[in-house]
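Note that the structure is a prediction, hence the values are computed from the model and not measured. Proteins get letters first, then strands, A, B, ... in listed order; numbering begins at 1 in each.
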Amino acid sequence: MNKELTVQNSLSRKKEIFKPIHEGHIGMYVCGPTVYNDVHLGNCRTFVSFDVIYRYLVFLGYKVRYVRNITDVGHLVDDADTGEDKISKRARLEKLEPMEIVQKYTLGFHEMMRVFNTKSPDIEPRASGHILEQIEMVQAILDNGLAYEKNGSVYFDTVKFAKEQEVYGQLSGRKIDELMVETRDLKNQAEKNNPADFAIWMKASPEHIMRWKSPWSEGFPGWHLECSAMSTKYLGTTFDIHGGGNDLKFPHHENEVAQNYGACKCAPANYWLHTNMLLMNGKKMSKSDNNSITPKQLFTGDSEHISKSYTPMALRFFMLQSHYSSTLDLTDDALLAAEKGYRRMMEGNKTLLGLQHSGKGNASDHDKEINQLIDQAHEHMNDDFNTPMAMARLFELISKINSFKGGQISIDEITAATFERMQTTFKDFIFDIFGLKDEMDAGDQNEALDGLMQLVIDLRQSSRENKDWGTSDKIRDTLKALKIQLKDGKDGTEWSME
RNA sequence: GGUCGGUUGGCCGAGUUGUUAGGCAAAGGUCUGCAAAACCUUGUACAGCGGUUCGAAUCCGCUACCGACCUCCA
């Protein structure tokens with residue numbers, strides 16, 4: 001039960017025992033979105049994954065400082081060093097100020113994070129608000145001799161860095177020699193000493209709107225720089241966990257590591273965690289490939305890829321059923337299954353809350369089994385946040401819960417302590433760790449509806465006692481059409497919203 | 001082309017050497033006025049070939065297929 005927390009560290013490609021730098025405290029940085037467009041579902045998966053990780057670390061009792069940035073400058077559309085800024089491009093297309101674009105899509109992003117019931121990060125810094133810090137970092141890298149200036153732009157000297165430190169390529173599994181013989185024909189590479197070098201400060205072309213003064217030129221910071229500067233500012237030069245999507249490993253994270261070494265000669269993070277991609281039709285969900293479905297489309301059902309609408313919590317549940325480091329293929333069938341599984345879990349919890357323990361149970365085999373399942377659920381979470389396994393144990397507990405309710409097992413076969421532990425476990429896992437919400441508990445919130453339903457159920461019960469099956473079934477079918485399901489049990493009829 | 005990863009039953013998805021993952025779907029049963037729900041039971045699986053091992057879905061090799069990264073993306 002007291003197994004230590006282990007995490008899959010991308011740096012070592014091994015599962016390692018997690019040890020924070022300062023006992024009881026964790027610094028965690030996750031690369032946030034570039035706010036130039038509506039957030040899409042793939043982003044949501046990553047942020048939901050880290051939300052669960054964050055929630056679990058808090059659950060374990062750690063004081064976590066969770067930093068997730070907003071990229072609102074420096075992220076270029078095309079080739080890393082010559083393309084147009086994503087925000088600027090969008091601003092041009094939508095005929096808005098760049099900061100209007102940033103505001104619009106930041107708000108949209110926050111709304112989506114709220115809908116998916118993710119916790120807000122403790123700090124959400126913006127790249128444009130940290131230009132000074134980034135300029136200082138460029139200077140520090142220059143002072144350390146690991147960058148050079150050309151025509152007002154500053155480039156990181158990747159080749160020199162790779163020679164000095166054995167670090168470059170460790171995260172992404174790349175070798176500097178291979179990067180140096182890069183054959184692709186990139187535009188405007190002339191300024192760089194080597195194709196493997198990358199810009200940390202860019203001189204702005206005349207038409208570039210987003211620009212700041214610096215010692216080298218009026219320009220803007222390179223994309224990779226913001227995360228280095230902001231993580232350092234809020235979490236220190238070396239912190240515990242750095243997270244992000246798999247597709248950021250190279251070049252973004254690799255270059256981030258290089259920049260941090262370049263500025264302070266130390267590693268930014270001890271543990272790198274990477275989430276895997278959300279696929280659709282077996283391929284990476286990607287905005288640029290049009291192989292994508294927006295969260296909104298899922299919620300409204302307005303997409304050729306799905307047969308019906310799905311709720312945010314069904315989606316969240318769907319994501320939790322796979323491990324964050326595995327690819328997850330989005331299909332209509334899988335969503336249908338997840339939706340039902342989600343409902344079964346929430347119903348199970350409701351049933352558990354409705355059970356009463358006599359206070360004088362004896363520990364039977366069931367008691368032992370239940371405690372084992374609970375222990376295992378915790379162990380699974382300690383094992384690199386294995387939500388699908390933890391969830392499997394919860395479902396086995398739901399079997400027990402339903403058996404208590406159905407009378408197949410007597411509640412007296414478990415002790416009051418075990419019963420309470422079950423209730424605590426469900427609350428902890430479903431709400432605090434998995435971050436699920438009950439989307440179907442209208443009955444708990446609306447007294448009028450509750451009273452009304454009780455009346456209808458009573459009336460139907462009278463019909464049934466009079467063997468007036470026509471009336472009884474009409475009530476049931478009409479409610480069914482209204483997406484209210486009646487459940488006839490031994491102790492009367494219950495209802496729930498579909 | 002290079003690097004890395006994947007291929008699990010009708011679908012999704014865990015598992016990394018020996019014991020039922022789990023969810024959804026399916027079949028039979030219990031309950032019920034009939035259903036639904038719930039419960040019980042059941043089946044179908046580890047891409048192919050070869051090797052290591054007492055024993056492999058799990059380790060190794062080869063083959064096939066798929067994907068990711070190498071270029072903006074979570």
Quiz item: OP1 or OP2 of B:G5 sitting under 4.0 Å from any side-chain N/O of A:Thr327?
Solution: no
Practice problem: State whether A:Glu347 and A:Arg344 are salt-bridged, where the test is any N-O pair (Lys NZ or Arg NE/NH1/NH2 against Asp/Glu carboxylate O) under 4.0 Å. | Solution: no
Restricting to nitrogen or oxygen on both sides, can you table the protein-nucleotides 45-47 of chain B pairs closer than 3.5 Å?
none

Quiz item: Starting at the 5' end of RNA chain B and moving along, which residue's nearest nucleotide shows up first, A:Lys400 or A:Leu330?
Solution: A:Leu330
Quiz item: So, A:Asp38 and A:Lys296, do they make that salt bridge, N to O below 4.0 Å?
Solution: no
Quiz item: Given B:C72, B:A74, B:A37, which nucleotide is nearest the side-chain atoms of A:Met285?
Solution: B:A74
Practice problem: Taking only Lys NZ, Arg NE, NH1 and NH2, and the carboxylate oxygens of Asp or Glu, determine whether A:Arg55 and A:Asp51 approach each other closer than 4.0 Å. | Solution: yes
Quiz item: Do any side-chain nitrogens or oxygens of A:Lys283 fall under 4.0 Å of OP1 or OP2 in B:G67?
Solution: yes
Quiz item: A:His274: what forms a ring pair (Phe, Tyr, Trp, His ring centres under 6.0 Å) with it, not counting sequence neighbours?
Solution: A:His253
Exercise. Tell me, please, which residues at least two apart from A:Asp384 pass side-chain contact (heavy atoms from CB on, under 4.5 Å).
Key: A:Val7, A:Gln8, A:Lys15, A:His323, A:Tyr324
Self-check item: Separation of B:C72 P from A:His40 NE2 (nearest whole Å)
Solution: 16 Å
Quiz item: Residues two or more places apart in sequence or in another chain: which of them pass ring pair (Phe, Tyr, Trp, His ring centres under 6.0 Å) with A:Phe404?
Solution: none
Quiz item: Which is true for A:His323 with a 4.0 Å heavy-atom rule: it touches a base, it touches only sugar-phosphate, or it touches nothing?
Solution: sugar-phosphate
Self-check item: Within 6.0 Å of CD in A:Glu465, more than 12 heavy atoms from elsewhere
Solution: yes
Quiz item: Any side-chain heavy-atom pair from A:Ile306 and A:Ile293 closer than 4.5 angstrom?
Solution: yes
Exercise. Establish, with yes or no, whether the OP1 or OP2 oxygen of B:C40 is under 4.0 angstrom from a side-chain nitrogen or oxygen of A:Asn402.
Key: no
Exercise. Could you tell me whether A:Arg174 sits above the aromatic face of A:Phe250, with NZ or CZ closer than 6.0 angstrom to the six-membered ring centre and within 45 degrees of the axis?
Key: yes
Quiz item: How long is the line joining CE of A:Met389 and C1' of B:U20, in whole Å?
Solution: 12 Å
Quiz item: Within the modelled atom types, does a donor on one side and an acceptor on the other bring the side chain of A:Arg476 and the base of B:A36 under 3.5 Å apart?
Solution: no
Exercise. Sequence neighbours left out, what passes ring pair (Phe, Tyr, Trp, His ring centres under 6.0 Å) with A:Tyr271? Give chain and number order.
Key: A:Phe18
Practice problem: Please measure how far the P atom in B:G18 lies from the corresponding atom in B:C59, and state the result in whole Å. | Solution: 11 Å
Quiz item: Roughly how many Å is it from NE2 in A:His242 to P in B:A74, rounded to a whole number?
Solution: 14 Å
Quiz prompt | P-based separation of B:U16 from B:C11 [nearest Å] | solution = 23 Å
Practice problem: Not counting sequence neighbours, which residues clear side-chain contact (heavy atoms from CB on, under 4.5 Å) with A:Lys104? List them please. | Solution: A:Glu94
List, with names and distances, any nitrogen or oxygen atoms from the protein found under 3.5 Å away from nitrogen or oxygen atoms belonging to nucleotides 22-28 of chain B.
unit_1	atom_1	unit_2	atom_2	d
B:A25	OP1	A:Lys340	NZ	2.8

Practice problem: Would you indicate which nucleotide in B:A74, B:A37, B:C72 comes nearest to any side-chain atom of A:Lys284? | Solution: B:A74
Practice problem: Search all heavy atoms of A:Leu278 against all heavy atoms of A:Phe318 and return the closest pair with its distance. | Solution: CD1-CE2, 4.4 Å
Quiz item: How far does the P atom of B:C34 sit from the matching atom of B:U30, given to the nearest Å?
Solution: 11 Å
Quiz prompt | Along RNA chain B (nearest heavy atom to each residue), the more 5'-positioned of A:Ser322 and A:Met277 | solution = A:Ser322
Set out, line by line, the N/O atom pairs under 3.5 Å between protein and nucleotides 30-32 of chain B.
none

Exercise. Send over the distance from A:Arg343 CZ to B:A37 P, rounded to a whole Å.
Key: 12 Å
Practice problem: Pick the P atom in B:A37 and in B:G28, then give their distance to the nearest Å. | Solution: 15 Å
Quiz item: For RNA chain B, which consecutive runs of 3 or more Watson-Crick or G-U pairs (each distance under 3.5 Å) count as stems?
Solution: B:1-7 with B:64-70, B:10-12 with B:22-24, B:26-30 with B:38-42, B:47-51 with B:59-63
Practice problem: List in chain and number order the residues that pass side-chain contact (heavy atoms from CB on, under 4.5 Å) with A:Asn371, two or more places apart in sequence or in another chain; answer none if no residue qualifies. | Solution: A:Asp367, A:Thr418, A:Arg421
Quiz item: With sequence neighbours excluded, what pairs up with A:Tyr54 under the ring pair (Phe, Tyr, Trp, His ring centres under 6.0 Å) test?
Solution: A:Tyr66
Quiz item: If you check the A:Asp473 side chain, which of B:G33, B:G15, B:C70 turns out closest?
Solution: B:G33
Quiz prompt | Test side-chain contact (heavy atoms from CB on, under 4.5 Å) applied to A:Pro251 - qualifying residues, sequence neighbours left out | solution = A:His224, A:Asn255
